[in-house]
J.: 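Sharing a structure with you now.
Note that this is a predicted model, so its numbers are computed, not measured. Every number for a ligand or one of its atoms is a count from 1 in the order of the listing. Just so you know, these numbers use all the heavy atoms, side chains as well, and skip hydrogens, waters and symmetry mates.
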Amino acid sequence: MPRKIVVVGMGYAGIPAAALFADLPGFMAIGVQRRSKRSGWKIDLLNQGKNPIGGDEPGLSELIARVVKKGTLKVVDDISTCEDAEAVLIDVQTPTDVDKKPNYDSLKEVCENVGKHMKPQTLVIVESTVAPGTTDNIVKPLLEKSSHMKAGKDFYLAFCYERVMVGRLIKNMVDLPRIVGGVDEESTKRATELYSHVVKAKLHQTDALTAEVTKVVENTYRDVNIAFANEVALVCESLGVDAFKVRELVNTLPNDPAMPASNPIRNMHYPGAGVGGHCLPKDGWLLKYGLDTFGKSKFFPKVIMSTREINDSMPKHVVDLVEDALAEHGKKIKGAKVAILGVAFLENCDDTRNTPSATIYYELKERGAKPVLHDPVVRDFDLPFTKNLDEAILNADAVVLSTKHKEYMQLDLGALRSRLGTPVLIDGRNAFAMDAAAKAGLTYRGVGKGRRSIQ
Ligand code: SAJ
């Protein structure tokens, strides 16, 4: 009998996880996906051995085709398939709502249903990012109530978060160390054993709460570093210097002078048009929610919260740069056609969750401009967008580079200039050289880059 692993939630984390387990000798995996309007289409596509994730994902399409052909991966919309599973991995979305509080509707529904169907001795693993305290105080009681069984005795429960990044889902899942946090030692042991079949890197064992804190701190740490880079960018713009040159020079500071290049002590991040994705924009809030809900002493995490404020303000700053550059041509932003290049939150992927491009779009609308979104990779989006670049840039009064897709890096700035109504280029991702833009006759503004006008 193959070891049956059920993965609930066919998203950027769930799909590669299910496919990797299905590829193991002696294992089979069942993916569970609700037949929702937004994601139901993935079920049939996956069962045809096709990869629903767009953009470059090395190895994923071949892996899905192989395991579906082998018959070791099937995707269903019926969670009762958990009844004879050895382990259930939960990879549903855990977004924050408008009040920045976690929305656990999917997580709770899945826990109730898994509890209803799972057999004794099942191992349940939460892989979705949650606020610290959620596994012990929300997931465990829900599973125990709907299963009438005890965690750590009749079934096992652990939190083991994913470290996936679009563009390297498989690689991150296999080659990056993982943190395995059980609600008790036996749960940690069983989860570690399971991951040891897929993860080639070290598996660090701890408890569920420590693992939960580690995840949100890991992402918030990155968010804080990006906010610092964004603030430095505003300083550099004001002083008229290039923040990217400053970053490069700062990162030359070695840890050990004897080995300057091998271990730089600094890793200043990149300033840009904003921080998007399903992780960084919410994990600081999940940390705060855990602190406010389960923390003994209440305090306001200033650095983490101001980080959110700074990074959330960058799209607005980009629109300020549009307004400033248009003014140089005696133009108002009101009524201006502005092409926004890139809808995805990150280059070369189709993931649009919390994309800064949407905030730029709404801010432009707010100021009376006519924004047009363009993206060569994204399939669908809540806002209208075009895949026809010429349609977006023709007679535009400004072009904003929001996502650094490789297609945009080939742009001929002279040809771009000739299509524009007003020659304004706003660079939100340090994609273009200031001199090249000026030579092409463009008024250039860049996040973190001092000013330069048409020569
Ligand atoms: N960004 C910057 N400057 C930078 C790096 C990123 O402005 O120097 C922006 C990006 O443009 C993007 C956003 O931040 O809009 C997030 O980018 P990301 O590269 O962090 O991509 P994510 O959110 O998919 O990946 C992060 C990663 N977390 C860390 O590196 C600590 C990844 O390892 C996690 O698995 C992932 O969150 C997650 O799922 O939690």
Side-chain angles (χ1 to χ4, degrees), residues 9 11-17 53 55 57 91-96 126-131 159-179 201 211-212 214-234 243-244 247-248 250-251 266-287 307-308 310-315 317-318 341-360 401-405 408 427-431 446-448:
Y12 291 92
I15 291 172
I53 295 177
E57 274 310 335
D91 277 294
V92 295
Q93 297 224 33
T94 50
T96 43
V126 177
E127 296 199 329
S128 308
T129 307
V130 292
F159 175 76
C160 181
Y161 61 86
E162 48 70 24
R163 284 177 153 162
V164 295
M165 261 172 104
V166 280
R168 43 185 191 239
L169 296 175
I170 299 275
K171 185 168 174 21
N172 280 22
M173 225 168 237
V174 172
D175 297 340
L176 287 185
R178 298 278 296 260
I179 316 303
E212 289 167 335
T214 305
K215 173 59 181 179
V216 286
V217 166
E218 185 171 300
N219 275 347
T220 305
Y221 177 77
R222 184 170 176 79
D223 202 23
V224 168
N225 276 291
I226 298 168
F228 174 75
N230 282 331
E231 193 146 77
V232 168
L234 303 181
F244 296 88
R247 174 190 170 277
E248 193 191 310
V250 165
N251 289 352
R266 296 281 180 279
N267 175 24
M268 190 174 155
H269 284 41
Y270 295 95
V275 171
H278 184 56
C279 315
L280 271 59
K282 73 166 168 53
D283 287 4
W285 292 107
L286 289 181
L287 183 58
T307 283
R308 290 280 76 238
I310 293 167
N311 289 341
D312 283 352
S313 73
M314 294 313 284
H317 176 62
V318 167
L341 304 187
V343 173
F345 85 89
L346 204 60
E347 58 271 11
N348 310 325
C349 81
D350 68 349
D351 191 342
T352 60
R353 291 174 292 176
N354 301 315
T355 177
S357 304
T359 317
I360 293 171
L401 188 277
S402 181
T403 315
K404 209 174 184 174
H405 286 314
Y408 299 137
D427 187 352
R429 300 286 175 192
N430 190 32
V447 171

J.: Atom CG of Asp350 and atom OG1 of Thr352: how far apart are they, to the nearest 0.5 Å?
T.: 7.5 Å
J.: For atom 8 (O) of ligand 1, what is the nearest protein heavy atom, given as residue, atom name and distance?
T.: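 Protein heavy atom with the smallest distance to atom 8 (O) of ligand 1: Tyr270 N, 2.8 Å.
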J.: Where's the contact between Ile226 and ligand 1, heavy-atom distance under 4.0 Å: side chain, backbone, both or neither?
T.: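 Answer for Ile226: side chain.
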J.: How far apart are the closest heavy atoms of Tyr270 and Ile226, and which atoms are they?
T.: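 In terms of heavy atoms, the two residues are closest at O-CG2, 4.0 Å.
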J.: Applying a strict 4.0 Å limit to heavy atoms, is Ala13 in contact with ligand 1?
T.: no
J.: Please find the pair of heavy atoms, one from Ala243 and one from Pro271, that lie closest to each other, and give the distance.
T.: CB-CG, 4.4 Å
J.: Looking at atom 17 (O) of ligand 1, what's its closest protein heavy atom, distance included?
T.: Leu346 CD1, 3.8 Å
J.: Quick one: closest heavy-atom pair of Pro16 and Leu169, and the distance?
T.: CG-CB, 4.1 Å
J.: Quick check on His278 - does any of its heavy atoms sit under 4.0 Å from an atom of ligand 1?
T.: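 No, that is not the case, since the closest heavy atom of the residue is not under 4.0 Å from the ligand.
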J.: Purely on distance, is any nitrogen or oxygen of Arg163 under 3.5 Å from one on ligand 1?
T.: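 So ligand 1 has an N or O lying under 3.5 Å from an N or O of Arg163.
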J.: Could you tell me if any non-hydrogen atom of Met314 lies under 4.0 Å from any atom of ligand 1?
T.: no
J.: For side-chain contact (heavy atoms from CB on, under 4.5 Å), just list the numbers for Glu248 and Met268, CA-CA rounded to whole Å, side-chain angles, deciding distance to a tenth of an Å, and then say yes or no.
T.: CA-CA 8 Å; Glu248 193 191 310; Met268 190 174 155; over 6 Å; no
J.: Got a second to check how far Ile310's CD1 is from Leu234's CG, nearest 0.5 Å?
T.: 8.5 Å
J.: Which option, Ser128, Pro281, Gly277, Gly276, owns the non-hydrogen atom nearest atom 15 (O) of ligand 1?
T.: Gly276
J.: Between ligand 1 and Phe345, is the shortest N or O to N or O distance under 3.5 Å?
T.: yes
J.: Quick one: pull up CG in Leu346 and OG1 in Thr355 and give me the separation to the nearest 0.5 Å.
T.: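 Atom-to-atom, Leu346:CG and Thr355:OG1 are 9.5 Å apart.
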J.: Geometry only, no angles: is Glu162 polar-contacting ligand 1 at N/O separations under 3.5 Å?
T.: yes
J.: Treating Arg168 as the side-chain partner and Glu57 as the backbone partner, does any N or O pair qualify as donor plus acceptor under 3.5 Å?
T.: no
J.: Any atoms of ligand 1 less than 4.0 Å from a non-hydrogen atom of Val164? List them with their elements.
T.: 32 (C), 34 (C), 35 (O), 36 (C), 38 (C), 39 (O)
J.: Which of the numbered atoms in ligand 1 are under 4.0 angstrom from any heavy atom belonging to Arg429?
T.: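 Per the distance check, 7 (O), 11 (O).
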J.: If you have a sec, work out which protein heavy atom is nearest atom 21 (O) of ligand 1 and how many Å separate them, to one decimal?
T.: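 Atom 21 (O) of ligand 1 sits closest to the protein heavy atom Met165 CE, 3.7 Å.
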J.: Does any part of the side chain of Thr220, heavy atoms only, come nearer than 4.5 Å to the side chain of Thr307, both counted from C-beta?
T.: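 Result no, sub-4.5 Å side-chain heavy-atom pair not found.
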J.: Drop me the distance from Asn219's CG to Leu286's CG, to the nearest 0.5 angstrom.
T.: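 Nearest 0.5 Å value for the CG-CG distance: 9.5 Å.
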J.: Any nitrogen or oxygen of Lys215, side chain or backbone, less than 3.5 Å from one on ligand 1?
T.: yes
J.: Give me the nearest non-hydrogen protein atom to atom 28 (N) of ligand 1 as residue plus atom name, then the distance to 0.1 Å.
T.: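 It is Asn219 OD1, 2.7 Å.
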J.: Provide the number and element of each atom of ligand 1 under 4.0 Å from a heavy atom of Gly274.
T.: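 Numbered from 1, ligand 1 contributes 7 (O), 9 (C), 15 (O).
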J.: If we only consider heavy atoms of Thr129, is any one of them less than 4.0 Å away from an atom in ligand 1?
T.: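 Not so, Thr129 does not reach ligand 1.
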J.: Decide, yes or no, whether a salt bridge links Glu218 with Arg163 under the criterion of side-chain N to carboxylate O below 4.0 Å.
T.: yes
J.: List the atom of Asn354, the atom of Pro281, and the distance in Å for their closest heavy-atom pair.
T.: CB-CG, 4.0 Å
J.: Below a 4.0 angstrom heavy-atom separation, can you tell me which part of Arg222, side chain or backbone, both or neither, approaches ligand 1?
T.: side chain
J.: Taking the minimum heavy-atom distance to atom 26 (C) of ligand 1, which of Thr403, Val217, Leu280 ranks first?
T.: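 Comparing heavy atoms across Thr403, Val217, Leu280, the nearest one to atom 26 (C) of ligand 1 lies in Leu280.
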J.: Only heavy atoms of His269, strictly under 4.0 Å: list the atoms of ligand 1 that pass.
T.: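 What qualifies from ligand 1 is 8 (O).
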J.: Passes side-chain hydrogen bond (donor to acceptor under 3.5 Å, both in side chains), Asn225 versus Asn267? Steps please.
T.: CA-CA 9 Å; Asn225 276 291; Asn267 175 24; over 6 Å; no
J.: Which residue supplies the protein heavy atom nearest to atom 39 (O) of ligand 1, what is that atom called, and how far is it?
T.: Cys279 SG, 2.8 Å
